[in-house]
Every structure is written in structure tokens, then in C-alpha cells.
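This report concerns only the one structure given below.
The sequence lines fix the lettering, A, B, ..., with proteins before strands; numbering per chain opens at 1.
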There are 2 protein chains.
Amino acid sequence: VVIVSNRGPLSFRLDANGDLVATRGAGGLVSGIAPLVVDTDTLWIAAAMTDGDRVAARRGRQEARGFNVRTLDLDPDEYRMAYDVVCNSTLWFLHHHLFDLSRRPRFDRPWREAWRAYRSVNLAFAEAVASEAPSGAVVLVQDYHLLLVGAVLAARRPDLRVVHFSHTPFAAPDLFRVLPDDVATVLLEGMAAHVACGFHAERWARNYVDTSEQLLGVVPRTFVSPLAPDPEALAREASSAAVEAAVAELEAEVGERALLVRVDRIELSKNLLRGFLAFEDLLEHHPEWQGRVVFHALVYPSRGALPEYLAYRSEVETVVARINGRWGGDGWTPVVLDQSDDYPRSLAALRRADVLLVNPIRDGLNLVAKEGPLVNEVDGVLCLSPEAGAWEELGTAALRVDPFDVPGTADVLHEALTMAPAARRARAIDLRAHAGARTPRHWLADQIAVAG
Amino acid sequence: VVIVSNRGPLSFRLDANGDLVATRGAGGLVSGIAPLVVDTDTLWIAAAMTDGDRVAARRGRQEARGFNVRTLDLDPDEYRMAYDVVCNSTLWFLHHHLFDLSRRPRFDRPWREAWRAYRSVNLAFAEAVASEAPSGAVVLVQDYHLLLVGAVLAARRPDLRVVHFSHTPFAAPDLFRVLPDDVATVLLEGMAAHVACGFHAERWARNYVDTSEQLLGVVPRTFVSPLAPDPEALAREASSAAVEAAVAELEAEVGERALLVRVDRIELSKNLLRGFLAFEDLLEHHPEWQGRVVFHALVYPSRGALPEYLAYRSEVETVVARINGRWGGDGWTPVVLDQSDDYPRSLAALRRADVLLVNPIRDGLNLVAKEGPLVNEVDGVLCLSPEAGAWEELGTAALRVDPFDVPGTADVLHEALTMAPAARRARAIDLRAHAGARTPRHWLADQIAVAG
């Protein structure tokens, strides 16, 4: 098996002797998949991100910490254009329906240059796979960064069985049409060149099939295989000394109050703003909660190079400051905005959350919605948006929050906070069963099975 | 036949004697349909807009200028909420895919009040129809303002044959889901209560059917019946003394230069910004056009009560000023931004346009795309977005402009400006044939035929 993704499982740096030292890389995709391939002969091909990664790239395959990694030293300008402009500012926005269409996207000449860079980065990945992959290997290509690798390999290495998996949603056909025709065609042909294309949810697979049929006249092969946390590894991490310390700290902070939690990147699709406004609506229209509930929002900045994310982060900070100024006092801070990206603190919050809010406007899966119930110890209620892919697995056990409906969300939070213990317990058991029904091994087995 | 619409064909005022004086009302829908029903016994039911309209409402049915009109005196606050908040800020944005979803819509408590107002306004309309419509009448309900009239009438007046027609696009199912569930259900049930629902284009009908099937489990009856200008009336208007004077003025202004034209409301869906940027790209990348082409943009403000429209208008003015400042001089103003809403000047521009740009990001039909070719005298080339409903009729004779592709649009403008006379002529003949293939009578006949 060969895994191909933008980020790899290791990050390299040079020590004083000029030797490469590897540490574990970050990122949701990596942390989900990496445990599956550690200590196997799986080769992982990824872009070089750091100077150390680039040295590693020049030295060829690296074996370290149980991984077998080949990093690619791509032209930094080209990589930046492909990653920032095409991947994060176009394809991410497209599939999450985030464009303010009267203004964006604007496919201008600099965008066209970025599109050439995207094709060139994909070609470099494909060439690395072509020269590194053993005969007949199963190649698992990950996400929207690498939609064109399969098409190159279909011509260059027909012996490989190449499967693509999208960790994002897939745009509605009417919105995929926003892309320039030639770009849409190249991307859809690229996807169709795989043995099959996988998604976390039926909805995204259906959108992809409809789009491909309408724009390309091709009905591609798809499969649905939601990723899941590794329950054992998660349980181990959630009981570490660091998490225990964070739980103690959190308990001291929250005291007798009810604890509402969210854990997210500061990301336009995660719907932080309406979440805070719904919490304010709760305080206003269910005043019995004033002083009696704390909203711990463990949200960490990302994609700071994109102005949309800076603006959104600043709006988040402003609305939280306003809510705390208006409602807080007497030793009560209604919203605790924790931007530290501290994993033990996040796990501690998930363990102790009376209510977990996961209200994205559109989300490929949302792993937090599964991790929360698996580590929670107080029969916490999950308030989940049906626009998260995880809804297809968890919807029967969660409370449904409409992500666009602010007072509706407040009412659901109230319902969650006041739910009788027996009902909480019954739902928590259901949630744990659904969230733990699959492990990462199921996901990997699905990819390999579909490769045939 | 009874026509039910938000705006009626007449506007009333009181003269010095306290008598009602009627003048013709404005608005695209009204000007399209009114000529069909003048001097017939068709009853037209519409909201009172002016103080005179409200007096007329109290005095009952009014016959004037060949129309038979019943205006409804609605509670002004309720009407305003229904119209501004639900109709124009929600349903219009929804069907035109205009929401910046990370921030809008926000279904808060004031929105819920507006939604109650929308239902109440629809009920008032339905009651007026119920008490005024002759037995067995065909009732033609127009547009997204009045989606619930049919459902009330189905219960109160089952003898009536009620048909709905949408002059807008219809949202993709994934985006219609943005509405709160109960609201989506009420709207879709309201639409399904009609004998049939009509649209200007197959695409919108398909989106409506898919949405109704996915959210309601109901496959509704639909029909497609694009509206069209009345060629004879248009020819008469286009040769009026006022238009002749405007043509002379325009010719003096433009001189030997090529004339690029657009005629639009200043409307987020019309894509004015990218149109001007494409024109700038033309000047930059096809520099032979500097000083040799003028872009007459006849665009008039609308919905000034909504902040989104004020912001958009200001962006339009800023980008035009920047382009004129950068490129203009020597007696050449590259972009003439005419916000006067002067119908004779618009017709004059359509008569003399070498190229007509119609590049909406999403548009129910776009009548200008049909009016232009019908009155044009210089074999003008139509550059048309496939996202306009009119594309389904005119697409084979127009040049296709991708509304999101700025340099692509510039290249198409260049192609249009340099097209050989024989090719222009052949396309112009085709365009006139397609644009004139239907008249408003076909549209009305379709509505009545479907009513059975």
C-alpha cells in the first residue's frame, strides 16, 4: 500500500551533526490514518513542509518512528499557489459552499497561474508514485489537494490500483459549475480516472455522482466509508496524566455550573458565530441559565495566511467579548474562548462536557462528534448539525441543531441542558455504540477492498 | 382569469377632488404581463404600495386604464417585514445563491416575526382571492412573495384552478436546506398545493422537483414557460421620439468607437463587478482597444433599503471610478455608468450596441437578453452567461461568458468585438429568431393550458 497526501506523518529537522530527526506531524487526516500504517511496509508520499523535510526529500526515502516516508521537494512558490489559492481558497470554499458569490471566486490571471501550479504539483506527486510504488500496489490518494494524481498514473502505471478519498463534502452540482469549464472538466476527469472515489457520507458521494453525470456525462464508481477514531488509542490518550491535570483544572474552573463545550478549528464552515449567538439567545430567553452554565470553546486558529480567516477570527473574538461584557460578572465568564490548541485540554473538556455543540454549516465528517461521546464520562448530550457527514451515523442518537437557526439552536441547547438523566444515559449509550461502531481499520479495509 | 402578484399594474393617487387617479405601475413582471390583460375582464389582485393605493383598497375594485384591479391594504409593518426580510433578504438570496453562508442567513427571533408576517400577508391575499374570484376561475399566482396563497385556496375554494409561476431561479436542494425545516416544509407544501408550478427554465424546474422530492417526499407537477418581450410593442417603443433622440445623443457621444452595453438593476446576482473587471482585463491584455471602445452601463439602483445593496452599489461605483482613472483620458471615458433608469436611453443603447454583456451569476430568465437582439440594428453580439434562464433558448446563438471567469470574459468580449460582419449577421439573425419565437401570449396560454 502507498499513501499519498499533502501532509505526511513525520516532520524532519537537522540535528547538530547534520542527521535528520523525525517528529510526528500534525493534522486531522494524518492523526486518523497514521496509526494504521505504523510498523507496516506502507510507503507514505507527502510534500516537504519544513527545511528538514526538504533535506529528507533530497536524501530519498526515510524510515523513522515506524514510518516509511518519501517527502517531495516542490518549488515553494508553486506549492504555495497551489495550496493557498487552488486548494484552500477555491476547492475548500467550493465544497463547503462558503463563497459569497456576488464577489468571490474571481478566476483572474493570477488564479490561472495558481491552477498551472496545482497541475504541476499533482504531476510531481504522480511521478514520485510512479517511480516509488511497487508493481500492482494499492495507492490511496487523499483529498482535494491531489485530484489529478490518479489520471497521470492511469497512463504511466496501469498496474497500480489507485483509489481516491475526499475528507471534505462535495459541492452541489449547481455550485461545482462555478469553476471554469476547463478546470471542472480536468478535475472531474482526474477523479474519474481512479478505481473508485470515496467519501465520508452518502450525500457527498451523491453530489459527486450527480456533478460528474451532469458536467462530464460519466457515472463514476464511488464508495462511502466514514473514518472513525481509534477507541483504544483515544481512551489511552484521554486518561494521560496531562489530561487528568486538565480535568482537575477544568472542574475547579467550572465548579457547579453546567459545561457546554465545542472543539473546532477557527474555520468558516464550523459556524462559530451562530453558535455563540445561540448561546447568548439561551441566556436571554432561558434566563435561568444566567450564571449557571459555562461555554468552553476550544477553538484554534488556522489558515492565518488567508484574509477570510483573519476576518472571521476577529469577528469571533468580538462577539465573544461582547457576550461576556453584556452577561458576565460576579466571577462568571459565560464564554471561555481558548485558542491554545492544547490537545489534553480539549480531551478534558470532551470528558466533562454536559453538552457538546457541533453545528457546522457543512462538514465532510467531523471527528469531534465521534470522539466526544467515546471519551465523555457524564452522559453528555451531543447537539449535532445534519450538515456534518457524521450525522448519517449519529443522527438517531444526537439532538439535531439547524446550523442557520439561532433561536432554534438555543432551544436545543436548553433541551440538552435540562434532559433527564435517564434520557441522557440512553442517548449516551447509543452515541457510544454508533461512534465506536467503526475504527480506522474498517476505513483502511474499505479502501483496500474497493481497490480489488 | 385572476392574476395575483405583489405589485399591480396601476398606481393610484388622489386628485384635488378626492377622486382616484391611476397611472401605470413599474416592475419587470408587471410590464411583461400587463399588456396581456389590458381590456380583458381579468381581475388583478396586488398589494397597496402608495397612500392612493390604500384609498383604492378601501373603495374596493377599481376599473381604470383597461385594468380591473383590487389592491390590498396590508398592515405596513407586517408588509415591510414580509417583503424586506423574508422575500428580498431570504428567498431572493436563497434562490440566487447569494448568501455568504458563514455569516448569513441568521434565522433569529426578529426573522421569525417576519416569517409570521409573510404567512399573514399570504393569508390576506388568499382571502381576497377567495372572496373576489368567480367560480371555477383560473388563478395565476406570481413569484416567491406569494408561495402560500395556493394552499389556503385549495381548502377554501377548491373550485379554483390555481397555478404558480416563479420568475426567479430555484435553489439547489443542498441550499434550500438552509431554511429552517418548518419553513422549508410550509413553503414546499404551499407550492405543491398548486395545479402546477411554472419556471422560466428547465434547470429551475428540476431543482424544485429534486428539492420537493428530497425534503417533502412529494413529486410536484411543473411546467417550463419562458416569458418573452412583446416584439410589436417593443418595436413601437424603440422607435419613439424619445428613443430616437437618445440614439442621436449616444452616437454623438460614442463616435467611431465600439459600443459595449449592459442594462441591469444594480443587483448582486447581475455580476456587475466582474463585468467591469473583465472590461479592464480587455483593456490591459488586448491594448488595441484602449481608446477604441466605450462600455455604457445602464444600471439603476434598487432595494436601497437593504444594506447589501448599498454596499454593492458603492463597490460598483468605486471600481468604475478606478478603471476610468487608470485608463481614461484624451476625451475617452472607458466606462459610462448611467444610473438614471431612463428607459428610452436603455432602448437606444440596446439598438446601437455592438456587444451586449449579460453575465449574471444566476438569473431566472433575463429579459434584456431577449430585448437586446430584438431591437438591435448593428448585428450586435450577445455575450450571455449560461446561468441565465434565457441561455436555454439563446445559448446556440450567443457567445458564452463564464460569469466567474474574469479573463475568460475579457477574451469573449474581444472575440465579440472582432467578429467578422458575416458571422455577426448570422448570429444576429439566429438571436432574433430565438428571442422572438415566443410572445407574452404564449406564456399566458401555457399558464391557462396547465390549469386545465
Side-chain angles (χ1 to χ4, degrees), chain A residues 93 96-112 169-184 203 206-207 210 214 267-274 277-278 281 284-285 308 311-312 315 361-362 386-387 400 402-410, chain B residues 93 96-112 169-184 203 206-207 210 214 267-274 277-278 281 284-285 308 311-312 315 361-362 386-387 400 402-410:
Chain A
F93 273 63
H96 288 85
H97 293 180
L98 291 174
F99 284 125
D100 173 9
L101 288 175
S102 62
R103 298 175 177 85
R104 292 282 182 282
R106 192 175 282 171
F107 297 111
D108 50 17
R109 293 184 197 259
W111 191 90
R112 283 284 167 179
F170 198 92
D174 261 24
L175 286 165
F176 197 87
R177 288 168 60 111
V178 162
L179 292 173
D181 280 356
D182 61 314
V183 173
R203 280 182 68 195
R206 198 163 51 234
N207 274 352
D210 289 351
Q214 286 180 29
E267 158 58 52
L268 283 73
S269 62
K270 299 293 187 184
N271 205 21
L272 302 175
L273 292 172
R274 292 191 193 84
L277 293 173
D281 190 283
E284 185 160 1
H285 293 276
E308 290 90 339
Y312 191 73
E315 287 169 71
I361 61 175
R362 200 169 169 91
E387 304 301 318
R400 183 180 188 284
D402 177 338
F404 304 102
D405 185 346
V406 170
T409 300
Chain B
F93 273 62
H96 289 86
H97 293 180
L98 292 173
F99 284 124
D100 173 9
L101 288 175
S102 62
R103 297 174 178 86
R104 293 282 180 283
R106 193 174 283 170
F107 297 111
D108 50 17
R109 292 183 197 258
W111 191 90
R112 282 285 169 180
F170 198 91
D174 261 25
L175 285 166
F176 197 87
R177 287 167 61 111
V178 162
L179 292 174
D181 281 355
D182 61 315
V183 173
R203 279 181 69 195
R206 198 161 52 233
N207 274 351
D210 289 351
Q214 286 180 29
E267 158 59 51
L268 284 72
S269 63
K270 298 294 185 183
N271 204 21
L272 301 174
L273 292 173
R274 292 191 193 84
L277 294 173
D281 191 283
E284 185 160 1
H285 293 277
E308 290 90 340
Y312 191 73
E315 286 170 71
I361 61 174
R362 201 169 170 90
E387 304 301 318
R400 184 180 186 284
D402 178 337
F404 303 102
D405 185 345
V406 169
T409 300

Residue selection (most heavy-atom pairs with chain A, distance under 4.5 Å) from B:L273, B:V178, B:I361
B:V178

Spacing of B:D182 atom CG and A:D405 atom CG [to the nearest 0.5 Å]
7.5 Å

If the threshold is 4.0 Å, N to carboxylate O, is there a salt bridge linking B:D174 and A:R203?
yes

Do side-chain atoms of A:R109 reach the backbone of B:V406 as a donor and acceptor pair under 3.5 angstrom?
no

Grab the two heavy atoms, one from B:L101 and one from A:R274, that are nearest each other, plus how far apart they are.
O-NH2, 2.8 Å

Side chain / backbone / both / neither for A:P386 at chain B, heavy atoms under 4.5 Å
both

Select, from B:H285, B:H96, B:E315, the one with the greatest count of heavy-atom pairs under 4.5 Å involving chain A.
B:H285

Flag the pair B:F404 / A:P180 as yes when at least one side-chain heavy-atom distance between them is below 4.5 Å, and no otherwise.
no

Sort B:L277 into side chain, backbone, both or neither according to what part of it lies under 4.5 angstrom from a heavy atom of chain A.
side chain

Minimal non-hydrogen separation, A:S102 against B:Y312, with atom names
O-CE1, 4.1 Å

Hits for salt bridge (charged side-chain N to carboxylate O under 4.0 Å, His left out) against A:E308, two or more places apart or cross-chain, chain-then-number order -> none

Would you compute the distance between atom CZ of A:R177 and atom NE2 of B:H97 and round it to the nearest 0.5 angstrom?
10.5 Å

Do A:D281 and B:D108 have side chains that approach each other closer than 4.5 Å (heavy atoms only, starting at C-beta)?
no

By a 4.5 Å heavy-atom criterion (distance strictly below it), what part of A:L175 contacts chain B: side chain, backbone, both, or neither?
side chain

Hey, are A:D100 and B:R103 close enough for a salt bridge, meaning a charged N less than 4.0 Å from a carboxylate O?
no

Heavy-atom closest pair, residues B:D181 and A:D402:
N-OD2, 4.0 Å

